[in-house]
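So the structure is just underneath, and the comments pick up after that.
Labels below follow one simple rule: chain letters A, B, ... track the order of the sequence lines, proteins then strands, and each chain is numbered from 1.
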Amino acid sequence: MNENTTHYDDLNLAEAKEIQNELRDKINLDPLISPITTIAGADISLNRFSEIIFAGIVILRYSDLQPIAYSMVESKTSFPYVPGFLAFREVPALVQALQQIPVKPDVFMIDGHGIAHPRRMGIAAHFGALTGTVTMGCAKNILFGKWHEPGIQKGDYRPIMNKEEVIGYALRSKFKTNPVFISPGNRMSLNDSLDIAIRCAGNYRLPEPTRRAHEFVNLFRTGKLKEGYHELTPQLLF
DNA sequence: GCGACAG
DNA sequence: ATCTTGTCGC
């Protein structure tokens, strides 16, 4: 009903697939030209069996990867989790969180895949196409495509392939841990997504933007953070 | 037909 | 995704 709100509940999978095919034309994978000053991590958290979802976006300074602000939203979804259609469940809440942010981050790293998806429309590509933002996906598990185990050193990577086409990378973000799966979503190239993920790799398996988003949204779900947009004072918290 | 299958 | 204690390896 609200023209400013995205509604995906009540869609069947055939209709959802049509929307993916339609949104795919808006995806742009040209190399990123503008420099990155801020990068955001986006994630969702929920209680088991609940329709209430907690969405969060954490903005970090790209120079030192320290959190400087966050936006939290509590919402509801009835769209079920179906592999290949994650965006229809999580994107509406993430868009709400985005709308609360006064100065938009330069890049969004979203928990899930970008174009490493059966129809090239993972949640990061979907969110990017819908909002016109620069996005990439960072997933903990593969959804689509073939890949080989990267070397065990931090920074080692191997391509995710669909036939002869590279659609992303399996990246060893930390020494001797399982890789994460990186792919561009919108307005950046395959190489950009890999470079940014490597640059954001810290001392944990999850790159900092995704790790912080996961951390903050869980604090929000458990009542330790308030809903809305908030800025972090220079030497405070964490 | 069978297996795979983001969060 | 979330529920959870111990346990194995570095």
Sugar-phosphate only, base, or nothing, as touched by A/L86 at under 4.0 Å among non-hydrogen atoms: base
Spacing of A/I123 atom CD1 relative to C/dA1 atom C1', expressed in whole Å: 12 Å
Between P of C/dT4 and CG of A/N47, the distance in whole Å: 11 Å
Sub-6.0 Å ring centroid separation between A/H7 and A/F79: no
Sugar-phosphate, base or nothing in reach of A/H214, heavy atoms under 4.0 Å: sugar-phosphate
Backbone N/O of A/G84 and side chain of A/Q20: donor-acceptor pair under 3.5 Å: yes
Sugar-phosphate only, base, or nothing, as touched by A/G137 at under 4.0 Å among non-hydrogen atoms: nothing
Touch class at under 4.0 angstrom, heavy-atom based, for A/F88 against every strand present: nothing
Below 4.0 Å: OP1/OP2 of B/dG7 and any side-chain N or O of A/H113: no
Short side-chain N/O contact from A/N218 to OP1 or OP2 of C/dA1, under 4.0 Å: no
d(NE2, A/H117; C1', B/dG7) in whole Å: 12 Å
Options B/dA6, B/dG7, C/dT2, nucleotide nearest the side-chain atoms of A/D111: B/dG7
A/Y81-C/dA1 aromatic stacking (under 5.5 Å, under 30°): no
Aromatic centroids of A/F181 and A/W147 separated by under 6.0 Å: yes
Spacing between A/F181 atom CZ and B/dA6 atom P, to the nearest angstrom: 11 Å
Side-chain donor/acceptor of A/N12 to backbone N/O of A/E15, under 3.5 Å: yes
Separation of C/dA1 C1' from A/E90 CD (nearest whole Å): 8 Å
Sugar-phosphate only, base, or nothing, as touched by A/I142 at under 4.0 Å among non-hydrogen atoms: sugar-phosphate
Distance test, side-chain N/O of A/R119 to OP1/OP2 of B/dA6, below 4.0 Å: no
Of A/F175 and A/L46, the one whose closest DNA chain C nucleotide lies more 5': A/L46
Side-chain H-bond candidate by donor/acceptor type, A/N21 with A/R119, under 3.5 Å: no
Interatomic distance where CZ belongs to A/F54 and C1' belongs to C/dT2 [whole Å]: 12 Å
Atom pair distance, as rounded to whole Å: CD1 in A/I160 and P in B/dA6: 13 Å
Any A/N141 side-chain nitrogen or oxygen under 4.0 Å from OP1 or OP2 of B/dG7: yes
A/E74 atom CD, neighbour heavy-atom count above 12 within 6.0 Å: yes
N or O in side chain of A/S45 less than 4.0 angstrom from C/dT2 OP1/OP2: yes
OP1 or OP2 of B/dA6 under 4.0 Å from side-chain N/O of A/K140: no
Whole-Å distance separating the CG atom of A/L206 from the P atom of B/dG7: 10 Å
